[in-house]
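Sequence lines set the chain letters: A, B, ... in the order given, protein chains first and strands last, and positions in each chain run from 1.
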Protein chains: 2
Amino acid sequence: MLRLTQSEENYLKAIFTLSQDTEGAISTNDLAEKMLTKASSVTDMLKKLCEKELLEYQKYQGCALTNSGKAHALAIIRKHRLWETFLVDKLNFGWDEVHEIAEQLEHIQSTELTDRLDEFLGFPKVDPHGEPIPGKDGRIESVSNRILLSESLVGMKAIVMGVEDDQTEFLQYLNKIGLHLGTPIDIADKLSFDGSVLVNMNGKQVQFSITIAKQISIKPL
Amino acid sequence: MLRLTQSEENYLKAIFTLSQDTEGAISTNDLAEKMLTKASSVTDMLKKLCEKELLEYQKYQGCALTNSGKAHALAIIRKHRLWETFLVDKLNFGWDEVHEIAEQLEHIQSTELTDRLDEFLGFPKVDPHGEPIPGKDGRIESVSNRILLSESLVGMKAIVMGVEDDQTEFLQYLNKIGLHLGTPIDIADKLSFDGSVLVNMNGKQVQFSITIAKQISIKPL
DNA sequence: AACTTTTTTTAGACTAGTCTAAAAATTAGA
DNA sequence: TCTAATTTTTAGACTAGTCTAAAAAAAGTT
């Protein structure tokens with residue numbers, strides 16, 4: 001299998017995640033924003049990755065991963081999520097503390113290591129943020145019956161199943177208000193003018209802006 | 001604490017290990033050989049590391065680590081040996097399979113991670129090759145009563161405690177002849193003309209060249 | 001359809017780490 | 001101690017990845 005640099009791997013991962021909620025090609029600018037870099041740097045990298053047949057790229061037309069590129073991206077995501085699970089389950093880190101470390105661990109090159117770690121963890125299906133962990137073959141088992149909190153209906157009862165964003169500050173905020181995976185919630189109200197969601201949980205009422213509600217996935221009961 | 005690149009870390013580690021069995025400064029050429037690189041590349045790196053006060057360096061005089069440089073080197077060695085222990089104890093890798101992977105894992109930046117891993121492993125004193133694991137403070141607990149097989153006396157009974165070299169092929173050879181940590185051995189004879197050591201172990205007799213005998217450390221009973 | 005704005009690419013420069021080839025310093029030998 | 005051999009450094013070049021500034025293409029607006 002093709003050997004990639006950390007930078008190349010990070011680009012592939014970014015393109016893959018952007019593709020998840022985007023139709024068609026990924027634009028150079030969007031990718032530059034995601035990678036916290038400049039469009040000119042992105043153009044250079046796209047040429048290189050295209051050369052290696054990890055993505056398709058035509059001047060001014062953005063890019064899209066090939067099957068090979070997708071496979072690489074999924075392998076990195078698999079490692080990232082397995083390591084996060086290791087850090088939380090075995091080393092007792094909080095779910096808000098593991099992203100940075102996993103960003104480094106995901107680049108360790110050894111399929112054998114990844115697979116043994118998977119086994120050691122008992123073949124977990126989701127990571128500490130509720131995100132599904134791709135299997136050896138790159139397949140993601142679909143997580144059933146989930147919706148975003150932003151799409152919930154008033155009166156619904158549900159269980160928190162995951163978060164779409166694993167940035168430290170966001171997760172620390174959720175910790176502070178007592179929201180974790182598995183927390184039961186009641187949708188008390190939705191404010192039509194700004195999309196805010198009022199939620200009863202742990203005996204208190206909390207208000208989530210639409211931005212936050214889009215980051216929380218729940219399973220209606 | 002100063003942030004270093006992987007390459008800088010590898011140089012510090014190499015200088016540290018060379019210093020272990022060398023009096024005085026480490027020469028540019030010796031370091032180049034150890035790093036599988038050219039002397040000119042080494043000179044450039046020495047200038048940089050000297051700038052950062054990790055080592056002392058004067059043109060044509062070789063180099064020696066400062067206390068800061070030693071501390072960094074020991075931190076890397078600590079991580080390397082803890083990860084090797086994890087791979088063998090928790091993921092069931094063989095002692096001959098872990099060096100390469102640990103070479104990557106040793107560069108993961110997080111003291112918190114290292115210390116939690118240490119705790120998770122039960123604060124091991126030695127790694128899978130019998131090498132001592134530096135503590136949080138960088139101190140290495142001296143491993144008592146050990147000598148090299150090359151220094152043993154005929155008639156001695158001993159236990160294999162460690163190997164100085166952790167290259168895959170060497171360890172695979174030891175596996176093949178059934179030599180592991182804890183294996184009891186009898187020194188049957190030493191050949192004066194080439195320094196070979198004849199050893200009885202597992203009911204068989206094995207002959208070790210002086211080169212190999214210098215790589216095996218034992219505890220006389 | 002022509003003009004303006006935005007996006008994207010090119011051109012050229014910079015850093016880190018490496019290399020080769022040549023120059024300089026040190027060490028060894030007679 | 002003078003010369004030869006060895007070691008080490010310098011000089012200049014290369015790759016990967018990044019940047020800024022400017023040019024080119026695409027998209028939006030009247």
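- In this entry the distance linking CG of L49(A) with P of dT18(D) reads 11 Å, nearest Å.
- The side chain of D44(A) approaches dC19(D) more closely than any other nucleotide in the set dT9(C), dC19(D), dT9(D).
- Taking the nucleotide of DNA chain D with the nearest heavy atom to each of Q61(A) and K38(A), the more 5' of the two is matched to K38(A).
- A side-chain donor from one of S196(A) and D194(A) sits under 3.5 Å from a side-chain acceptor of the other.
- When the side-chain nitrogen and oxygen atoms of Y11(A) are compared with OP1 and OP2 of dT18(D), one or more of them lie within a distance under 4.0 Å.
- Taking a 6.0 Å sphere around NZ of K136(A), one finds it holds 12 or fewer heavy atoms contributed by other residues, nucleotides or ligands.
- Annotation for E33(B): atom CD does not count as buried by contact number, only 12 or fewer foreign heavy atoms lying within 6.0 Å.
- Within the 4.0 Å cut-off from OP1 or OP2 of dT10(C), at least one side-chain nitrogen or oxygen of K47(A) is found.
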Start with the C-alpha gap between L191(A) and Q207(A), add the side-chain angles, then the distance that decides, and say whether side-chain contact (heavy atoms from CB on, under 4.5 Å) holds.
CA-CA 10 Å; L191(A) 306 183; Q207(A) 180 168 345; 3.6 Å; yes
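- Residue S7(A) has no polar side-chain atom (N or O) positioned under 4.0 Å from OP1 or OP2 of dA16(D).
- To the nearest angstrom, P of dT15(D) lies 21 Å from CZ of R3(A).
- Among the heavy atoms of the strands lying under 4.0 Å from S40(B) is at least one base atom, whether or not backbone atoms are also near.
- Taking atom CD of residue E9(B) and atom C1' of nucleotide dA16(C), one finds them 15 Å apart after rounding to whole Å.
- For the OP1/OP2 pair of dT8(C) and a distance below 4.0 Å, the side-chain nitrogens and oxygens of N29(A) include at least one atom meeting the criterion.
- Residue T43(B) is classed as a base contact, given a heavy-atom separation below 4.0 Å to a base.
- Crowding of K38(A) atom NZ: a count of heavy atoms from other residues, nucleotides or ligands under 6.0 Å not exceeding 12.
- When the C1' atom of dT15(D) is taken as reference, atom CD of E8(A) falls 12 Å away, rounded to whole Å.
- Counting non-hydrogen atoms under 4.0 angstrom, S41(A) reaches a base of the nucleic acid.
- Between dC19(C), dA16(D), dA26(D), one nucleotide has an atom nearer to the side chain of T5(A) than all others, and that is dA16(D).
- In this structure, Q6(A) and Y57(B) both approach DNA chain D, and ranking their closest nucleotides by distance from the 5' end singles out Y57(B).
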